[in-house]
**Q** 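The structure that follows is given in the form of C-alpha cells.
Predicted, not measured: the structure shown is a model, and the values here were computed from it.
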Amino acid sequence: MSNGIPTLRGGGAAGTALFNQLLQQQAGAGARPNAFMMRRGFDPRTAGSATSLMRQRPPMPQIGLRGIRDITAPTGGGGMTRLQSDLAAKMGLGGKTLPPPKAPQSLMDRLTPAVGTPAFAGLSEAAATGLQLSGYQDKPITTGQGLGAMFGAGMKAYTAEKKAQAAAELAKQQRETDIELKMMEIRAQQAATGRDIAGKEFTQEKDLRKEFTAQSKDFTEAKLGFEKVQNAAMAKTPSGATDIALVFGYMKVLDPNSVVREGEFATAANAGGVGETIRNYYNKILEGTLLTDKVRGQFVSSARTQFQPYLQQQEARETEFTELSDAYSLDPTKVVRSKLPKEGSLARPFIVSTQEEADALPKGSYAMLNGRLGRNN
C-alpha cells in the first residue's frame, strides 16, 4: 500500500476485492465498470491508482448574449440577432422583442395556382376526375388511363375557363365602349342644345337691343343738340355760324323729331314742336342778324334745363332694360349699350362750388361753377 490507498498492481485477490468495493461506493451497489469507463481509458486491470470514478458529462454550452447568432432571423436593434434581442428583453437588459418571422411559403402554396385562374380550374377538374376514377369501376382502368382522363378533363376545364375570362373581358370592353359612345352622343346633344340656346339668346338679345335703341332715339338726338348748344356758347368769338349752331341745337333739344336741316329756314312744318319765337330767331340769324350775349346765355341756360328730363328718362330706361335682360337670363351688356354721357363730359359736366374743386378735376373734363360752364385744361 502507498499513502493508504491499495493498488491493483501486485495486489492479488485482496486488491481486486477492495477495488470493486470502491466502485460500488461510487456507482452504487452491484455496479461494474462499464464501457464508458473503458472508452475514457480507464482499465482497472492496469491502473496504478484509484481516481475519481464519477461519470464524466460533456461541458454545458455557455448561454450568453455574445456569440449566439440566429442566421435565419434578421438582426434587431444595436446589431443583435433576433434571439439575442429576445433574451435581452426577457432578462431586463433593454432588448426589444421582435415580431415572429413570417412563415415561408409552403411547397403546396407555391404549386397551387390562384383561385379563379384557368390553371386553378383545370387543376380542380383534374383532381375531381381523379377522385371519381378512384371509386368503383365496372371495368378496371390502368394508371395511365386514369392520368390521361385527369389530364383531358383538366385541359378541357382550363380551356373553358380561359375562353370564359376572354369573353368576360371582351364584354367588359364592349360595355365601356357603349358607355363612351353614349356619353359622346349625350355631349353632342348638349352641344347642339347649347347652340340652339345660344342662338335663341342671340336672337332675343338682338331684338331687345333693337327695342332699346329705338326707344333711346329721342335722347340721342336731344344729347347731340345739347352738345351743339354748349360748344357754340363756348366759342371765343361768336359769329353767325356759332349762333346758327346754337339755336339749331336748341330746337333739337325742344323737339328731337324735327326734320329741319341746319342752315335752312325753319317753319312750323319742318321744325315740329318748336315755337314760333325760336324759329324767328333762327331765321333772322340765317339772314345775318347775330344774337346778343344775353340771348345766347338764355339759350344755353334753357337748353340745360330742357335736357335734364331726357337725361333722367334715359337713366330709367337703361335700368329697365338691364333688369329685363336679367329676368330672361340674357346678357345685359349685349342689350343695353349705354347712351348716357359720361360724368365730366360736355353734356354732363361736374358740378363744383369752388375754383379749387374745378382745378382738381381730371384734365379735359367739364364742370359747372356758379352756373358757368368751363373746361379744366
Side-chain angles (χ1 to χ4, degrees), residues 213 216-315 337-355 357-359 361-377:
T213 303
S216 302
K217 182 179 179 180
D218 288 352
F219 173 78
T220 302
E221 294 293 335
K223 185 180 73 170
L224 291 175
F226 181 67
E227 289 175 348
K228 280 183 173 292
V229 173
Q230 295 283 15
N231 285 324
M234 295 177 65
K236 295 182 179 180
T237 305
S239 62
T242 59
D243 286 345
I244 290 174
L246 188 150
V247 180
F248 177 80
Y250 182 75
M251 287 192 297
K252 280 294 185 180
V253 173
L254 294 179
D255 189 357
N257 295 317
S258 64
V259 295
V260 61
R261 294 181 177 84
E262 188 173 358
E264 69 178 17
F265 285 94
T267 62
N270 60 12
V274 178
E276 183 179 357
T277 303
I278 305 301
R279 294 199 305 269
N280 290 336
Y281 271 114
Y282 182 70
N283 293 333
K284 286 182 178 180
I285 296 172
L286 290 177
E287 295 174 350
T289 303
L290 298 180
L291 299 176
T292 63
D293 291 340
K294 181 179 179 180
V295 174
R296 292 190 188 98
Q298 291 174 348
F299 271 109
V300 173
S301 179
S302 179
R304 187 175 299 112
T305 302
Q306 297 294 330
F307 179 68
Q308 291 305 309
Y310 289 102
L311 186 61
Q312 296 171 359
Q313 186 180 27
Q314 183 65 20
E315 290 175 347
R337 300 296 177 87
S338 181
K339 311 295 182 181
L340 295 173
K342 295 181 180 180
E343 191 174 11
S345 63
L346 187 59
R348 195 179 181 184
F350 290 108
I351 307 298
V352 296
S353 56
T354 63
Q355 185 63 45
E357 292 180 9
D359 294 338
L361 295 174
K363 298 295 183 181
S365 59
Y366 291 89
M368 291 289 296
L369 176 59
N370 298 326
R372 297 180 59 186
L373 181 66
R375 183 179 182 181
N376 188 8
N377 295 322

**Q** Please determine which of F307, F299, Y250 meets the ring pair (Phe, Tyr, Trp, His ring centres under 6.0 Å) test together with F226.
**A**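 The residue from F307, F299, Y250 that satisfies ring pair (Phe, Tyr, Trp, His ring centres under 6.0 Å) with F226 turns out to be F307.
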
**Q** Is N270 reaching over with its side chain to a backbone N or O of V260, donor-acceptor style, under 3.5 angstrom?
**A**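 Here the side-chain-to-backbone pair does not exist.
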
**Q** Please round to the nearest 0.5 Å and tell me the distance separating atom CD of E357 and atom CG of N376.
**A**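 So the gap between those two atoms works out to 12.5 Å.
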
**Q** Kindly compute the distance separating CG (D218) from CD (Q314), expressed to the nearest 0.5 Å.
**A**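 D218 atom CG to Q314 atom CD measures 10.0 Å (nearest 0.5 Å).
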
**Q** Quick check against the 3.5 Å criterion: does S345 have a side-chain atom that pairs as donor or acceptor with the backbone of K342?
**A**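 Between the backbone of K342 and the side chain of S345 there is a qualifying donor-acceptor contact (under 3.5 Å).
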
**Q** Please confirm whether the backbone N or O of V274 pairs with a side-chain atom of R279, one donor and one acceptor, at under 3.5 Å?
**A**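 At least one qualifying donor-acceptor pair exists.
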
**Q** Indicate the atoms forming the closest heavy-atom contact of P341 with L311, along with that distance.
**A**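 So the two residues come closest at CD-CD1, 3.8 Å.
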
**Q** Between D255 and G273, which heavy-atom pair has the shortest distance, and what is it?
**A**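 For D255 versus G273, the nearest heavy atoms are OD2-N, 2.6 Å.
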
**Q** In Å, rounded to the nearest 0.5 Å, how long is the span from CG of L224 to CZ of F219?
**A**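 Taking CG in L224 and CZ in F219, the distance rounds to 9.5 Å.
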
**Q** Between the side chains of N283 and E287, is a donor N or O closer than 3.5 angstrom to an acceptor N or O?
**A**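 On atom types as modelled, these side chains do not qualify, holding no pair under 3.5 Å.
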
**Q** Considering only NZ, NE, NH1 and NH2 on the basic side and carboxylate oxygens on the acidic side, decide whether K339 and E221 come within less than 4.0 Å.
**A**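 Salt bridge between K339 and E221, a charged N being under 4.0 Å from a carboxylate O: no.
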
**Q** Keeping Y282 on the side-chain end and D243 on the backbone end, is there a donor-acceptor pair under 3.5 Å?
**A**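 Checked: no pair found.
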
**Q** Checking D359 against Q355 for the side chain to side chain donor-acceptor pair (under 3.5 Å) test, could you report, in this order, the C-alpha distance in whole Å, the side-chain angles of both residues, the deciding distance, and whether it holds?
**A** CA-CA 6 Å; D359 294 338; Q355 185 63 45; 3.0 Å; yes

**Q** When you measure from the side chain of Q312 to the backbone of P309, do you find a donor-acceptor pair of N or O atoms at a distance under 3.5 Å?
**A**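 Side chain of Q312 to backbone of P309: no pair is present.
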
**Q** If you look at every heavy atom in S258 and M251, which pair is closest and at what distance?
**A**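 Distance-wise, the nearest heavy atoms are OG-O, 4.4 Å.
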
**Q** Side chains of E343 and F350, heavy atoms from C-beta outward: is any pair under 4.5 Å?
**A**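 SC-SC contact between E343 and F350 confirmed.
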
**Q** Between T220 and S216, is there a donor-acceptor pair closer than 3.5 Å when you use the side chain of the first and the backbone of the second?
**A**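 Indeed, once roles are kept as given, a pair shorter than 3.5 Å links the two residues.
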
**Q** Do we see a donor-acceptor contact under 3.5 Å between the side chains of N280 and T277?
**A**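 Per modelled atom types, N280 and T277 side chains form no pair under 3.5 Å.
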
**Q** Would you give the length of the straight line joining atom CG of L346 to atom CD of E227, rounded to the nearest 0.5 angstrom?
**A**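 Result: 6.0 Å between the selected atoms.
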
**Q** Measuring only between side-chain heavy atoms, which start at C-beta, is T242 closer than 4.5 Å to T237?
**A**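 T242 does not reach T237 side chain to side chain.
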
**Q** Quick one: pull up CG in L290 and CZ in R296 and give me the separation to the nearest 0.5 Å.
**A**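 Rounded to the nearest 0.5 Å, the CG-CZ separation comes to 6.5 Å.
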
